[in-house]
Amino acid sequence: MDNLPKLHQALYHLRTRNFSTCADLCTDILSQYPYDQAAWHLKTRAMSAQAFLDDTETERDGGVGGGVAGLDDPPVTGLPRPGTSLTRGTTPSPSATAGPNLSIRPASGMGRPLVGFARPSTVNRDGATSAGLVRLGTATTASGRMMSSASGRLLRLGTASFLTDPTGPFINVDKLDLQKYASRPALARALFNYIYYHLDNPRKALELASFATAQHEYKDWWWKQQIGKCFHRLRLFREAERHLKSSLKDQDILSTHLHLANVFLKLDQPKTVIQIYTKALDTHPGSTALMVGLARVSEQVGDSAGALKWYKQVLQHDGSNVEALSSLASNAFYSDQPESAVKYYRRLLQMGVTTSPELWANLGLSTFYAQQFDMSLSCFERALMCADDDSVVAEIWYNLGHIGINVGDLTLAYRCLKIAVVADARHAEAWNNLGVLEYHLNKSNTDLAQSHFFTSSETAPYLHEPWYNAGEILRTFLKKLYPCNKY
């Protein structure tokens, strides 16, 4: 490898996804040959790939950075019909089929039942994460596109815009003539990805994409898609919709359908999103990305049975899909089918997900309710060994408290919950259960139990249990104080 020219080494590291080494080698080349376009192109691609984020997996609130809050925010009705809005909560739509009761599932900070898989649209929580099963983490970052071919080193002399200031950024886009770069397709695409992902500057990226689209006589689907992505980042959703639909007319591409669906998610139109995914399945049958999208939206509008159907179809096409396995396991657990949940979690372990404390804790709960007591505690021990975050440690001890309550050892449960609130003082569910145990173990000291309930309600106002428990204590107190009255 050392005998090869540096540019060939850089190309090899780009193909093997070692982007930092590729960028370093290109920097060495550019220090000797400042006008080497090939090295400039490779370094641009490597730096773009390092910062690449799968923008088909955007969050519902905020987007992938760079969004301008309040700019062209879509108006949303205050009282939408059930099943037609993602902001209403989890009231099932009239067409939703029967499924497990969503009220018994732990809720997120948005008041939405937690699923078995942490994705961007569900990770929105301060402190604690669940009242039963905790979530299985994931990442959404990915790598950039690889070069499709390699040839001998061709040194092309460029202009002064290729010169890099050693003390400044690699590319100063404010000094570039974007209209000139738009006429050079290979450099234009690499430069766009660098501006969009690495510099996180959707406005400049939009300027370059507009020039390039005009250069291609408004017939290039890729540039139209990029314009739609830029408008999406700038929260100009109707403009994004127009350009993405125009891109689909030129070329039916799966990623364009996903971006268009994200636009309507921002507009809070889940019915339209479902139509987009369903229509895209006609031209892209077997696409797990579309099926997962349908499952997510169905789950968000309260159609848990519909989500279950789509997740099962995902596994028929991709038996190693982590999100489908996790969600099916979570659904099986809350549908009183712990044996099925154990089967799915064991499949995840077979796939190599062995260092996740959430997975071990979920498996421990499932094996306990499946009457496999010999495995349950060993799974929780493994979860505590893998946990390195206080909030996750609190979740594990909270679930161990549930184990103590179910076996009748209230002292063990009390100690586990104490450890949980020490690890995470904002764990609302642990405070609630601690108040219940405080009341049952020491009924003469109701003030402490009430204090725990109020702490839980202040930490998580969307929980109904602490309010009900506090009301029950107050009702008992009034019955003792005024025995003649009915409460």
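Keep in mind that what you see is a predicted model, and the values were worked out from it rather than measured.
- The side-chain heavy atoms of Thr367 and Val342, taken from C-beta on, include a pair separated by under 4.5 Å.
- A 4.5 Å side-chain heavy-atom check between Glu429 and Glu465 finds every atom pair outside the cut-off.
- Of all non-hydrogen atoms in Ser320 and Met351, the two that sit nearest each other are O-CE, 3.0 Å.
- Taking the side chain as every heavy atom from C-beta outward, Leu11 and Leu7 never approach each other to under 4.5 Å.
- Inter-residue side-chain proximity for His259 and Asp55 is flagged as met; some heavy-atom pair is nearer than 4.5 Å.
- In this structure, the separation between CZ on Phe453 and CG on Leu434 is 9.0 Å, given to the nearest 0.5 Å.
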When the side chains of residues 372-383 are checked against the rest of the protein, which donor-acceptor pairs come out under 3.5 Å, sequence neighbours left out?
| from | atom 1 | to | atom 2 | distance (Å) |
| --- | --- | --- | --- | --- |
| Ser376 | OG | Gly364 | O | 2.9 |
| Ser378 | OG | Met375 | O | 2.7 |

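- Remark: Leu265 CG to Leu260 CG distance equals 10.0 Å, nearest 0.5 Å.
- Formation of a donor-acceptor pair under 3.5 Å by the Asp318 side chain with backbone atoms of Val314 is not found in this model.
- With values rounded to the nearest 0.5 angstrom, Glu458 atom CD is found 11.0 Å from Trp431 atom CH2.
- Contact between Leu410 and Leu437 at its shortest, heavy atoms only, is CD2-CD2, 3.9 Å.
- Checked by atom type, the side-chain pair Asp389/Ser391 shows a donor-acceptor distance below 3.5 Å.
- In this structure, Asn262 contributes its side chain and Thr56 its backbone to a donor-acceptor pair below 3.5 Å.
- The backbone N or O of Thr455 lies less than 3.5 Å from a partner atom in the side chain of Thr459, making a donor-acceptor pair.
- Of all non-hydrogen atoms in Gly306 and Ser298, the two that sit nearest each other are C-CB, 4.2 Å.
- Between Phe231 atom CZ and Leu206 atom CG the span is 4.5 Å, to the nearest 0.5 Å.
- Note that Arg233 lies in the cation-pi zone of Tyr196, set by a 6.0 Å cut-off to the ring centre and a 45° limit from the axis.
- Within the 6.0 Å centre-distance limit, the rings of His284 and His257 are counted as a close aromatic pair.
- For the pair His452 and Gly435, the tightest heavy-atom approach, listed with the atom from each and the gap, is CB-CA, 3.7 Å.
- Within the 4.5 Å cutoff, no side-chain heavy atoms of Trp310 are placed close to those of Leu290.
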* To do: Let me see the working for Tyr439 and Val436 under side-chain contact (heavy atoms from CB on, under 4.5 Å), right down to the final yes or no.
  => CA-CA 5 Å; Tyr439 178 74; Val436 174; 5.9 Å; no
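- Between Tyr468 and His464, the ring centre distance reaches or exceeds 6.0 Å.
- Here salt bridge (Lys or Arg N to Asp or Glu O under 4.0 Å) pairs that include residues 248-258, with residues two or more places apart or in two chains, are Lys224-Asp250.
- In summary, the aromatic rings of His8 and Tyr12 are positioned with their centroids too far apart to meet the 6.0 Å limit.
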* Do Glu241 and Lys245 pass the salt bridge (Lys or Arg N to Asp or Glu O under 4.0 Å) test, and can you show the C-alpha distance, the side-chain angles, and the key distance before you say yes or no? -> CA-CA 6 Å; Glu241 174 193 354; Lys245 287 183 176 179; 2.8 Å; yes
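- Between Asn321 and Leu315, the shortest heavy-atom contact is O-CD2, 4.1 Å.
- Residues meeting the salt bridge (Lys or Arg N to Asp or Glu O under 4.0 Å) test with Lys309, sequence neighbours left out: none.
- For Tyr345 against Ala329, the heavy-atom pair with the smallest separation is CZ-CB, 3.5 Å.
- Side-chain contact between Phe368 and Val407 is present, with heavy atoms from C-beta onward closer than 4.5 Å.
- Of the possible polar contacts, one joining the Asn399 side chain to the Glu395 backbone as a donor-acceptor pair under 3.5 Å is found.
- The main-chain N or O of Phe454 is found under 3.5 Å from a side-chain atom of Ser457 such that the two form a donor-acceptor pair.
- For an aromatic pair to be called close, the ring centres must be under 6.0 Å apart, and Phe19 with His13 fails this.
- A donor-acceptor pair shorter than 3.5 Å can be found between the side chains of Lys229 and Gln226.
- Remark: the backbone N or O of Gln313 is paired with a side-chain donor or acceptor of His317 at under 3.5 angstrom.
- Counted within 6.0 Å of CH2 on Trp221, heavy atoms from surrounding residues, nucleotides or ligands total more than 12; the atom is thus considered enclosed.
- Inter-residue side-chain proximity for Tyr277 and Arg296 is flagged as unmet; no heavy-atom pair is nearer than 4.5 Å.
- In this structure, CG on Asn433 lies 5.0 Å from CD1 on Ile405, to the nearest 0.5 angstrom.
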* Asked: Under the side-chain contact (heavy atoms from CB on, under 4.5 Å) criterion, do Leu25 and Thr21 qualify, and how do the steps go?
  -> CA-CA 6 Å; Leu25 288 169; Thr21 305; 4.3 Å; yes
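- Taking 4.5 Å as the limit, every side-chain heavy atom of Tyr369 sits out of range of all side-chain heavy atoms of Gln337.
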* **Worked verdict on Glu299 versus Tyr311 for side-chain contact (heavy atoms from CB on, under 4.5 Å)** => CA-CA 11 Å; Glu299 205 162 30; Tyr311 279 130; 3.7 Å; yes
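- Distance check: Gln225 CD to Asp220 CG gives 10.5 Å after rounding to the nearest 0.5 Å.
- Under a 3.5 Å cut-off, the side chain of Ser247 and the backbone N or O of His243 do not form any donor-acceptor pair.
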* **Test side-chain contact (heavy atoms from CB on, under 4.5 Å) applied to Phe170 and Leu199, step by step** => CA-CA 10 Å; Phe170 169 54; Leu199 297 183; over 6 Å; no
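- Thr283 places a side-chain N or O within donor-acceptor distance of the main-chain N or O of Ala280, the cut-off being under 3.5 Å.
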